[in-house]
Amino acid sequence: MSEKEIKNLEAIFEARIARDEKIEPKDWMPEKYRQTHIRQMSQHAHSEIIGMLPEGNWITRAPSLRRKAALLAKVQDEAGHGLYLYSACETLGISRDELYEQLHSGKAKYSSIFNYPTITWADMGAIGWLVDGAAIINQVPLCNTSFGPYARAMVRVCKEESFHQRQGYEIMLTLCRGTEEQKAMAQDALNRWWWPSLMMLGPTDAESIHTEQSMKWKLKRKSNDELRQQFIDQTVPQADILGLTIPDPDLKWNEETGHYDFGEIDWDEFWQVVKGHGPCNKERLGARVDAWNNGKWVRDAAMAYAEKKEANKLKQAI
Amino acid sequence: MSSTLKDSRLLENYILTIADNSLILAQRLGELCGHGPNLETDIALTNISLDLLGQTRSYYQYAAKLAGDGKTEDDIAFLRIEREYKNCLLVEQPNTHFGYVIGRQFLFDVYHFMLLEKLQNSEDETLAAIAKKSIKEVSYHKRFSGDWIKRLGDGTEESNQKMQEAINDLWRFTDELFYMTDAENAMVEEGIGIDISAFKESYYSQVSEILKEATLAVPENKYFNKGGKEGVHTEHMGYILADLQYMQRTYPNMQW
């Protein structure tokens with residue numbers, strides 16, 4: 001294809017996106033669009049799968065049968081999200097095995113929030129309330145993103161995430177209406193998860209390398225800083241209802257802007273965790289690599305068995 | 001009056017011999033969540049765990065109602081001492097590798113299905129209703145674990161070896177499934193419980209058929225282990241309970 005022809009295709013492609021048409025897997029797309037989507041969607045899928053670990057950590061210790069069942073179901077939802085995001089990603093011409101390989105080698109990233117430890121039951125509440133809350137803010141705009149399979153996957157993901165968020169908030173509410181010990185447990189969880197949750201919305205706009213292109217392709221509708229402000233404005237009143245204190249002495253309502261002002265985020269911590277040196281990076285990735293390696297003989301067996309069955313069917317047909 | 005009270009205690013005990021299997025197996029499967037060989041099996045095993053947990057709750061809620069002393073499903077699940085748990089030894093065995101997970105599941109599912117099939121006709125309406133609901137789930141469990149027995153047995157040389165190892169190790173716990181406790185015998189007399197010992201032969205023939213199809217050898221053990229149904233467990237049980245009961249023991253008398 002000549003350069004002119006490609007330019008022409010690109011112009012048609014950009015015009016389709018501008019008209020809010022969906023791009024489907026078989027449609028022509030610029031290579032950069034394909035790569036960007038593989039990167040973002042796989043990162044999202046990996047986050048779901050790694051995200052199963054910190055919560056999975058409490059399944060055997062959940063404090064009641066009802067909570068145990070709800071937590072199991074939630075972690076299972078995350079596996080389901082991972083499954084259809086990987087499938088959506090595969091429509092762009094990359095296999096799930098290749099995507100795993102990128103995760104296991106450290107080439108692909110996942111949400112840094114999951115590199116923090118879950119050390120008390122209240123962390124199950126805080127993750128649902130704050131982490132899923134921040135995830136929803138990130139993800140709702142993606143229901144209208146330009147790539148069809150991603151947009152459709154996100155509609156379903158967002159519905160389930162909002163259920164998870166309510167469930168998390170309800171755990172917090174129960175703790176805050178409980179004994180002093182329970183309330184202290186809830187406050188401690190908020191103290192530990194607040195700042196990492198703010199960091200989840202990404203580096204500040206000045207540092208964000210992908211924003212402009214992503215805006216054009218509707219992979220992003222608002223900047224990181226706008227999303228962060230939205231998250232804070234929405235979450236502070238929820239903390240008030242719980243009777244918990246947000247661990248930020250600079251947090252206060254600003255009449256003029258109609259938003260909360262907030263304190264400085266520790267970006268050194270953010271980059272430390274992103275670069276692989278957070279409290280649990282090694283454990284999280286290690287658990288995934290172990291599960292994959294330990295499962296190899298099982299996957300091989302399933303493949304060999306399927307091939308034998310197929311061969312038998314052929315024999316019988318002949 | 002005293003004879004009714006005695007009967008209801010026996011019925012409670014009978015319920016626990018069924019329900020504790022579901023609880024402890026659900027707990028074991030819950031350990032695996034996020035660590036399966038692929039996403040599909042991870043999701044399937046979590047599903048089974050959720051089914052078993054749902055069944056557990058129905059049984060415990062009924063047992064709590066029978067006890068009538070204000071206890072809840074959670075008191076029964078979390079606040080007994082080890083000797084009071086009535087699950088069989090099989091379900092408490094560890095997730096040594098995926099072959100053990102499948103082997104344990106399969107050896108239990110075949111039994112579980114047979115039990116529920118009969119329990120549907122129990123004179124006790126509540127137990128019959130729980131059995132009717134559960135058997136649909138367990139019929140899927142049995143298919144899932146049976147299919148995997150075949151895949152692993154008749155897959156690769158390595159998988160055959162690993163599956164055989166698990167079956168050989170777990171076989172010694174199968175006989176206990178058919179051991180009848182006093183509570184079970186008493187409930188059989190009432191038309192409430194199932195004389196599961198009568199199904200032993202059929203169990204071994206069903207299991208053997210699938211093992212053979214999976215090109216696995218049927219173990220020929222002379223010796224078996226039992227005790228769980230009388231509350232004498234393997235050394236694994238204490239650690240399962242340490243996890244299971246952690247919150248309730250550390251923070252007593254709170255709402256979650």
Side-chain angles (χ1 to χ4, degrees), chain A residues 45 48-69 71-73 75-80 82-83 86 96 100 120-121 171 174-175 177-179 181-182 185 287-288 290-309, chain B residues 23 26-43 46-47 49-50 53-54 56-57 60-61 72-74 76-78 97-99 102 147-148 150-163 214 240 242-248 250-251 253-256:
Chain A
E48 297 284 355
I49 300 312
I50 297 269
M52 293 169 73
L53 300 169
E55 289 176 287
N57 183 36
W58 277 88
I59 288 172
T60 59
R61 291 178 294 167
S64 71
L65 293 178
R66 183 173 79 93
R67 293 293 185 201
K68 192 190 284 288
L71 187 59
L72 261 169
V75 180
Q76 189 190 33
D77 281 349
E78 284 156 9
L83 196 58
Y86 281 126
R96 215 203 293 180
Y100 279 151
T120 73
W121 170 252
I171 291 177
T174 307
L175 292 173
R177 286 174 180 167
T179 62
E181 261 174 307
Q182 285 174 302
M185 195 191 283
R288 282 316 312 162
D290 281 352
W292 187 246
N293 292 343
N294 294 338
K296 183 175 187 306
W297 69 272
V298 177
R299 297 189 303 274
D300 288 348
M303 200 62 93
Y305 180 78
E307 280 164 12
K308 277 185 209 176
K309 287 282 130 180
Chain B
L23 174 70
Q27 179 77 0
R28 272 296 190 214
L29 292 171
E31 292 170 16
L32 290 167
C33 198
H35 304 277
N38 62 17
L39 271 178
E40 288 80 354
T41 46
D42 218 311
I43 291 173
T46 310
N47 244 337
S49 180
L50 271 169
L53 207 52
T56 306
R57 294 185 67 189
Y60 284 173
Q61 283 163 12
T72 65
E73 57 173 25
D74 287 333
I76 300 176
F78 298 102
H97 60 55
F98 193 71
I102 292 300
D147 284 351
W148 271 103
K150 291 177 211 161
R151 276 187 206 111
L152 298 179
D154 195 15
T156 62
E157 209 180 307
E158 185 188 7
S159 72
N160 176 277
Q161 213 179 337
K162 283 201 144 90
M163 197 59 250
I240 294 176
D243 269 3
L244 182 73
Q245 301 185 339
Y246 167 65
M247 289 297 290
Q248 291 273 346
T250 313
Y251 305 96
N253 303 316
M254 297 184 198
Q255 299 300 311
W256 302 97

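Order of the sequence lines fixes the chain letters, A, B, ..., with proteins taken first and strands second; residue numbering starts at 1 for each chain. Quick caveat, the model's predicted, so the values are computed rather than measured.
Across all non-hydrogen atoms, the minimal contact from A:Ala304 to B:Gly155 is CB-O, 3.7 Å. The two atoms that bring A:Leu72 and B:Ser49 nearest to each other are CD1-OG, 3.4 Å, heavy atoms only. In terms of heavy-atom proximity, A:Gly51 sits nearest to A:Pro54 at O-CD, 3.5 Å.
At distances below 3.5 Å, at least one donor-acceptor pair connects side-chain atoms of B:Gln245 with backbone N or O atoms of B:Phe78. A donor-acceptor pair is defined here as one N or O able to donate and one able to accept, closer than 3.5 Å; such a pair exists between the side chain of B:Asp74 and the backbone of A:Leu65. Judged by distance alone, with hydrogens and angles left aside, the side-chain atoms of B:Gln248 form no donor-acceptor pair with the main-chain N or O of A:Ser64 at under 3.5 Å. The main-chain N or O of B:Gln255 is found under 3.5 Å from a side-chain atom of A:Gln182 such that the two form a donor-acceptor pair. Judged by distance alone, with hydrogens and angles left aside, the side-chain atoms of A:Arg299 form a donor-acceptor pair with the main-chain N or O of B:Pro37 at under 3.5 Å. A:Lys68 contributes a side-chain N or O that, together with a main-chain N or O of A:Ile59, makes up a donor-acceptor pair within less than 3.5 Å.
Most heavy-atom pairs under 4.5 Å with chain A: of the set B:Gly153, B:Ala77, B:Gly34, B:Gly36, this distinction falls to B:Gly34. The greatest number of non-hydrogen atom pairs below 4.5 Å with chain B, out of A:Thr174, A:Leu71, A:Leu53, A:Thr60, is found for A:Thr60. Contact count against chain A (heavy-atom pairs under 4.5 Å) is highest for B:Leu50 among B:Leu50, B:Thr72, B:Ile240. For the set A:Ala287, A:Gly178, A:Gly82, A:Ala73, the entry with the most heavy-atom pairs within less than 4.5 Å of chain B is A:Ala73. Ranked by heavy-atom pairs under 4.5 Å with chain B, the list A:Ala306, A:Pro63, A:Ala291, A:Gly56 is led by A:Pro63. Contacts with chain A were tallied for B:His35, B:Gln27, B:Lys150; B:Gln27 has the most, counting heavy-atom pairs under 4.5 Å. Per-residue heavy-atom pair counts under 4.5 Å with chain A were compared for B:Thr156, B:Asp243, B:Ile102, and the maximum is reached by B:Asp243. When each of A:Arg288, A:Met303, A:Arg96, A:Glu78 is checked for heavy-atom pairs under 4.5 Å with chain B, A:Arg96 comes out on top. Counting heavy-atom pairs closer than 4.5 Å to chain B, the top residue among A:Ala301, A:Gly80, A:Ala79 is A:Ala301.
Residue A:Leu83 touches chain B through both its backbone and its side chain, counting heavy-atom pairs closer than 4.5 Å. Of the two parts of B:Lys162, only the side chain, counted from C-beta on, holds a non-hydrogen atom closer than 4.5 Å to a non-hydrogen atom of chain A. Within the 4.5 angstrom heavy-atom criterion, atoms from both the backbone and the side chain of A:Arg66 approach chain B. Within the 4.5 angstrom heavy-atom criterion, only side-chain atoms of A:Thr179, from C-beta onward, approach chain B. Using a 4.5 Å cut-off between heavy atoms, B:Leu244 touches chain A through backbone and side chain atoms alike. For B:Asp42, the part lying near chain A is the side chain, with the backbone staying farther off; criterion is any non-hydrogen pair under 4.5 Å. If you measure heavy-atom distances from A:Lys296 to chain B, you find no contacts under 4.5 Å at all. Heavy-atom distances place the side chain of B:Leu23, and not its backbone, under 4.5 Å from chain A. With a 4.5 Å cut-off on non-hydrogen atoms, B:Asn47 touches chain A through its backbone and its side chain both. Of the atoms belonging to A:Ile49, it is side-chain heavy atoms, and not backbone ones, that fall under 4.5 Å from chain B. The part of A:Ala62 that comes within reach of chain B is its backbone (N, CA, C, O), which places non-hydrogen atoms under 4.5 angstrom from that chain. Both the backbone and the side chain of B:Glu31 come within contact range of chain A, with heavy atoms under 4.5 Å apart. Contacts between B:Phe98 and chain A at a heavy-atom distance below 4.5 Å involve backbone atoms as well as side-chain atoms.
Judged by distance alone, the side chains of A:Arg61 and B:Thr250 never bring a donor and an acceptor atom under 3.5 Å apart.
Heavy-atom contacts from other residues, nucleotides or ligands closer than 6.0 Å to CD of B:Gln161 number 12 or fewer.
For the atom pair OG (B:Ser159) and CH2 (B:Trp148), the distance works out to 9.5 Å, reported to the nearest 0.5 Å.
Between B:His97 and A:Trp297, the angle of the ring planes goes over 60°, which puts this pair in the perpendicular group of the 30/60° scheme.
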